[in-house]
Amino acid sequence: MSQASVYIHIPFCASKCRYCAFNSYAGLDHLHEAYTAALQREMALCAQTLGRQEVSTVYLGGGTPTVVDVELLARLLESCQEQFDVDDDAEISVEANPGTVDAAYLAALRALGVNRLSIGAQSFADQKLALLGRLHTAAETEETYYLARKAGFRNINLDLIYSLPTQTLDEWKADISAAMALDPDHLSLYSLSVEEGTPLARMISSGELARPDPDLAAEMYTWAEGALADAGYDHYELSNWARSNRECQHNLSYWRNAPYLGFGAGAHSHFAGCRYHNVTRPEEYVALIDRGESCVAGSEEIDAETGMSETMIMGLRLLNGVCRNEFEERFHRPLVDVYGEQLGELVDLGLLDVNAKSVGLTPRGRLLGNEVFERFLPG
Ligand code: SF4
């Protein structure tokens, strides 16, 4: 029996942030109960079809899982335990937005076995939070963080976004300092991606807001790398830093191109050589499950070439790179034979480092990751 990770998508939010292109919706509170029941049913159907899988990580993401009554999250975690063999020491994560949880909610999550909390801080400058359309203040982020510690969370991540319109390097340094003052176990730092169709993209194309400068973004990233190394964080993935043994096990399974089962509207799965994804709209998802029909919107068999390509593109995001032995064990071909040409060119450009054990990005390659990844796309 193979080990899998489980992702449960909660697509509900209190309001839609200006930059957000995720599959999330405000104003669907009436659907919480029915959606939870549909998720429970989808998990049961999956276990009937694939058998009772061994599960090492469970991740409730969104959206904002914590806008849903904690009793509904309890039902989901119970179903997950019923349908799968969840390891006793499994990492069980929930994403939470500041201001959506109180002490009782956090205590209830702990009692359910949730042992990792990922808080969407995004910035510690109230003006930037307002610009992003976030509903919370920096003080609420700090309050949520301290409440989580009090509730017994020993593994807390803070998400931050940099390269915001009008953000200066000094403002970013202040954000990092404010985050580090809380001493989180894990930090995820994402460069703002201006997604087409979002209010933020419209504000930028109309000239109301300045377009973020990629050179300044690189400077912010490099500065954060230094500051977090000085503070003792291990930089283990392009956008992720952790204290010792606090790497996100769930996300590591994605970067290692390991199997995962996704449940809910728009959720993706990768299992037994196949990738598939569900319909995006929560209403349609619930209706299909209610009628006993499949909620899968598309699927793709992963052939060897695609599997190798995905393993490289995901694995190169890890600072340890892609392990040559593991690659060969999995695909029965040496990595340097499959990608000899690409490796030669990228090493010459100073973007990749190839040693006896692994292939990984150089510091320069970390700034130009996308240029490296596209060289590994299937031909
Ligand atoms: S809270 Fe997260 S998922 Fe919800 S709208 Fe904001 S960015 Fe999107």
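Residues take their numbers from the sequence shown, with the count starting at 1. As the structure lists them, so they are numbered: ligands from 1, and atoms in each ligand from 1.
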For Ser24, the ligand 1 atoms with a heavy-atom partner under 4.0 Å come out as 3 (S), 4 (Fe), 5 (S), 8 (Fe)

closest protein heavy atom to atom 7 (S) of ligand 1 is Tyr19 OH, 3.3 Å

Ligand 1 atoms nearer than 4.0 angstrom to some heavy atom of Asn97 are 1 (S)

Worksheet entry | Donor + acceptor pair across side chains of Asn23, Tyr25 (<3.5 Å) | yes

For Lys128 and Asp175: C-alpha separation, side-chain torsions, deciding distance, then whether salt bridge (charged side-chain N to carboxylate O under 4.0 Å, His left out) applies.
CA-CA 11 Å; Lys128 293 289 182 286; Asp175 268 355; over 6 Å; no

query = On the ring face of Phe84, is Arg52 found with NZ or CZ under 6.0 Å from the centre and within 45° of the axis?
reply = no

For Glu283, does the CD atom sit with more than 12 other heavy atoms under 6.0 Å from it, leaving out its own atoms?
-> yes

Worksheet item: Does the ring center of His268 lie less than 6.0 Å from the ring center of Tyr276?
Response: no

When distances are taken from atom 5 (S) of ligand 1, the protein heavy atom at minimum range is Cys17 N, 3.3 Å

If we number the atoms of ligand 1 from 1 as shown, the ones under 4.0 Å from a heavy atom of Ser15 are 5 (S)

of all protein heavy atoms, closest to atom 2 (Fe) of ligand 1 is Arg134 NH1, 4.0 Å

### Query
Quick one: are Gln122 and Leu160 in side-chain contact, heavy atoms under 4.5 Å?
no

Exercise. Under 4.5 Å between any side-chain heavy atoms of Leu169 and Tyr162, yes or no?
Worked result: no

If we number the atoms of ligand 1 from 1 as shown, the ones under 4.0 Å from a heavy atom of Thr64 are 1 (S), 4 (Fe)

Quick look: Ala26 vs ligand 1, heavy-atom contacts under 4.0 Å, and the answer is neither

Go through the side-chain N and O atoms of Asn97 and Thr100 and say whether any donor and acceptor fall under 3.5 Å apart.
no

query: So is Gly63 in contact with ligand 1, going by heavy-atom distances below 4.0 Å?
result: yes

When distances are taken from atom 8 (Fe) of ligand 1, the protein heavy atom at minimum range is Cys20 SG, 2.3 Å

Q.
Under 2.8 Å from atom 8 (Fe) of ligand 1, can any N, O or S atom of Cys13 be found?
A. no

